[in-house]
Amino acid sequence: MRAVKVIERMLITVPIMFGVAVVVFLFMRLTPGDPVDIMMGQGGAVGVGEMERLRSEFHLDEPLHVQLWLFLKDAVRGDLGYSYTQKRPVSELIAQRLPATIELAAGALFFALLLAIPIGIVSAVRQRSLLDQFSMAGAFLGVSMPAFWLGIILILLFSVRLHWLPVQGRLTFGVSLEYVTGFYVLDSILTRNGPALVSSLKHLVLPSVSLGAAVAAIVARVLRSSMVEILRQDYITLARAKGQVEFLVVMKHALRNALIPTVTVVGLQIGTLLGGNMIVETVFSWPGLGRMVVKAIFERDFPLVQGSVMVYAFTFVLANLVVDVLYTYLDPKIEL
Amino acid sequence: MLATKKTLLACVSLITLLALLAACGPTPEPQVVKETVIVAGTPEVVEKEVTKVVTEQVEVEKVVTPTAPPGRDVIIVGLSAAPDTLDPADHRNRQSETVVRNMFDGLVTRDSTSGVHLELAEEINWLDDVTLEVKLREGVLFHDGVEMTADDVVFTFERIILENMIEYPEAHTSPRKGLIAPLESIEKTGDYTVVMHFSAAWPVAMQMLVHQQIVPKHYLEEVGTEGFVAQPIGTGPFKFVSATGLDEIVMERFDDYSGGAPDLEPVGPACVRQAVFKVIPEASTRVAALLAGEVDIIQGVPAELVDTLAQTPGVQVKGAAGTQPKWMEMNVNMAPFDDVLVRQAMNYAVDKELIIEAIYGGRAVALPGTLSPYNNYVNKSLEPYAYDPDQALALLADAGWTDSDGDGTLDKDGQPFSFTIDTLEDFRPLAEAVAGQFRAIGIDAGVRFWEYSVVKPMLQAGERQAYLDDWGDSAFDPVGHFEAKWHGFVEGEPYGRGNFSGYNNERVNELIKLGEITVATDERQALYDEAQQLVYDEAPAVFLVLPEEAEAARADILNWTPASDSRINLHDVCIAP
Amino acid sequence: MDATTTAQNAIARMAYVWRIRLRLLRGNLGDFWIQLRSRPLALLGGIVVVLYILAAIFAEQIVPHDATLSDLRLRLIPPAWQEGGDLSYLLGTDDQGRDLLSRIIVGARVSLLVGLLSVGISVAVGTALGALAGYYRGFLDQALSRFADLLLAFPFLIFAIGMMAFLGPGFWNLILALTFKGWVEFFRLVRGEMLAEKPKEYVEAAKVVGQSHPAIIASEILPNIIQSVFVLGTLRMGFMIIMEASLSFLGLGIQPPTPAWGSMVASGRDYMLTSWWMSTLPGIAILILVLSINLFGEGLRDILDPRLKVE
């Protein structure tokens, strides 16, 4: 039964993806700015007829509906076209960068949960205590700062001043790593490469903190409030009355139930982590998708923007689907 | 009550902590161990350094960093943007050239300023106004050991000028065709001789040939463009090793390198074993990476950081004469700037020296009219407009603009003098400073930031009032620059494609067209002198400044000279032992 | 019964209802105040927000200098407590020689306006559409829900960047770019609540009495769910203010000479090594405001709507 529902849910993503494709296509075409003109830049001369030639090469001289048709026709076959500026298939460019983006999102999520779960539990158990106030205010700090600002401050402190962590990139130059999946941390584990593991983890720390700080605050808050509510429930009182150790009561009975709403929120945040990271990627020179999309938007590299946004949308929809499935396992009462 | 106090305490201490972190974080206090390093290497090299470049004398100290420095024979460069491709024929992007020119050589090359030198060509002769004979050096090897011959040169240029020569990812024509538009055909006349035929006399040919690099015919025919961009091969000082996307490009010294331009020392294989280009788009991160010792050279140091870096031990900053003159164009077809007196007044109202001092830390020059003072055809009799607010007010009064109602803002016919300077985010400090100086004499000037692609059509349609930006002249020639900025706009042609002031003077148009086909240097100079004088007098723009292009490096990087055309020449660079 | 009596009765009934409502409200406010006092963090947040609002309203009266007046000769003066500082420029000056304190005070106006307007419009649009969709269901609901799903699939920042590129720079364009996707969350919240409330007895009762559908939505159901909207709105305000800063980082934010914290932080980042105050102090101003809004919002959520745990 569940499998059928999952398939049903997956089918719903098809019209959404179609909608995303059409919207992003129209959006880019209607946005002022001519990709060919931008490509020509300033320096040097432009030959007579050169711009027209490029326009026809990109099919920009066709009517809008023909362009849309060409785009959709290819997209259905999995061909997202090729980048105007980089002259490479969009799918190849995305495949190169997607692992970096996902790795960063995973790092950020890990950091967020590492911070948020203890904070959420402790503040719920010690409600209204100084510890609660302090840690919740601390959790809120994360969501109250622009990520780029936090990132720059972290760089100045931990890299330039203390020399603890690297400023930019994913791996120190000179550390060799055999590429298997494109996820550097995973690759270094798979290939049993100690130095690469250390280097890639070190590079991951500051970007993950900058990106994950905001998520940590949200997760901690949700976890705290659901824990508070659950700790008031009868069965918790009962467990306590039975003389169970308080630690066990909290961890075994309360936490499991409090995790249900938390998972939903985490699911929604995955979208933010994947799609909100172009700023962190820029600050830390993280070679991910976000940075490429922003550059492509400014350069009006239509195929690249279209392809990347569709990948974003797809990952977001997929992440939510996974969360929904996970949800039914945590709480069997809920149907898909 | 107690709870409140505790809470307050918690919040205050958190915030204080953060403020402290922030306050102490940014002050760089690297541990410094004084260590005298002989600025050694090759004295003859130092002599040969081009004199136009402003060199920062640095106290050479070595910063002790906990992170291990990269191998002593690897040099890492922090780029401000990724190149588009490594195929020399398939881009229209300065950054690609910056990287590509370390793997590929051209027939000619440019030194760090504007001088053109023979590189792969042994001799270049004009047979007549439109025919160029090129004799190639013999014994030049591609990275795979195959010798470069006339076939490769013919192939290279035909790949650029013929239609649909690049087959990957879809058949298309080289975007660099326009840069060499007058080239009609090229033929092989001997194993090491080619002849180029141009459609018309092309005085700027030498400067433009610098921008085309020679690719191997045999290899491209074998692996195709797709294989070529994955594993490019050229005749340059470095051979390609690997690239992660184009965010990190690794190259290795080519030991059989032909040596580069024979009259530009040093000649021979490169000094460092490996060269790495890393993309670090955010300026503050790039600088931080340099300070942390993660990179050795960085490109695009923002003006506001030049002074800081120059004072930081362990770091050297050098500026190359810029090639991007900055100005504020005024719409000559719209009030109030349709009056030449007003436009001249605007020029007198800006204190360029103060701006150079305050915003560029002294590392810029005032523009004497439209061309950069380093352009080969600059009109040497022109002086930058002086800063003279009284003169400005007098001219404005002549044009009818006075503060008749005493509110501090000039007005005419009851209308206040109010306008917006459109610009791009990159020029924020300059635009705000200029607007501030206009406000100081009673002109209500605002600033608005745009995205270039959005504002450009509006500028071209004459809908905006004033636009502040720059226009590169990296070829050091008026061509590519003058016709784009000051020729009246002609749809579908290069003329006026960057003309945002609506300026259209028949005589200037005529001079521009003559300049393009006149070969004799003195005749050309006379044409451009007249054109510059006309533009200067009619002042369709407030001619502002030409900032240096600053790059920075670790102090132990030797023989490193930023180039005006943004090339990063790693062939010459060494690391102090 | 003639027309006059009917009208009088109607008026009397309405006056009665409103008297009750006001009394309840007064009682509620009293309760609210007591509850708030027992949540010091929220109270502190509220006070700080009020102070910011006052500073924004009376900015002209309290700034020590003209926030837009630049003088390059006075550039980059450090804050007064640092060496080289000047007491008349308490927090120092920026790269154009403008007084930073004045700019921060005036900047409060933009940040608060961005927060209030973008959330306000999102709330208005989202609530209206959510109420209609949740109450009437049918095609309208289907269409709006699918559209909402579609918008939700776009990453917020990329969407905002695209919108800004599409619309061009400007304050209202920025608000529009932030709102265009911002309303979706309120739509989903209100629609969900509407679905939950509609089968309840009091709604049925109102129908029986013969109230029109719009009247039921506006005067019966909405007052019951407006609290959740309010709480979510407060929490989203901080997000919008951060978004404005992020767009400024990419060069798509508020235009000068209007001082806005986001663009101040963004444009000061290249000076972080030399003149830390230029970027850090406006950053702290954002931090304190957003933190206060969030603490206040969290308190509100506790007090008004213990049910609302998931945003």
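The side-chain heavy atoms of C:Leu72 and B:Ile355, taken from C-beta on, include a pair separated by under 4.5 Å. For the pair C:Met272 and B:Val287, the minimum side-chain heavy-atom distance is 4.5 Å or more.
Taking a 6.0 Å sphere around CZ of B:Phe438, one finds it holds more than 12 heavy atoms contributed by other residues, nucleotides or ligands.
Among the candidates B:Gln437, B:Glu425, B:Glu357, B:Glu282, the residue making the largest number of heavy-atom pairs closer than 4.5 Å to chain C is B:Glu282.
Counting all heavy atoms, side chain and backbone alike, C:Arg73 lies closest to B:Leu354 at CG-CD1, 4.1 Å. Nearest heavy atom pair, residue C:Asp270 against residue B:Ser284, reads OD1-N, 3.8 Å. The nearest pair of heavy atoms linking C:Ala165 to B:Val454 is O-CG2, 3.5 Å. Summarising the geometry of C:Met278 relative to B:Arg428, their closest heavy-atom pair is CE-NH2, 4.3 Å, with the distance given to 0.1 Å.
Judged purely by atom type and a 3.5 angstrom limit, C:Gln96 uses its side chain to pair as donor or acceptor with the backbone of B:Pro429.
Remark: B:Arg439 CZ to C:Asp71 CG distance equals 11.5 Å, nearest 0.5 Å.
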Would you list the atom pairs, donor with acceptor, under 3.5 Å between side chains in residues 284-296 of chain C and any protein atom, with sequence neighbours excluded?
residue: C:Ser292; atom: OG; partner: C:Ile288; partner atom: O; Å: 2.7
residue: C:Asn294; atom: ND2; partner: C:Val290; partner atom: O; Å: 3.2

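When heavy atoms are compared at a cutoff of 4.5 Å, B:Pro302 approaches chain C solely by way of its side chain, counted from C-beta outward. C:Arg269 touches chain B through backbone and side chain together, each having a heavy atom under 4.5 Å away. Using a 4.5 Å cut-off between heavy atoms, B:Ile359 touches chain C through backbone and side chain atoms alike.
In this view, B:Arg286 satisfies the side-chain hydrogen bond (donor to acceptor under 3.5 Å, both in side chains) rule with no residue, not counting sequence neighbours.
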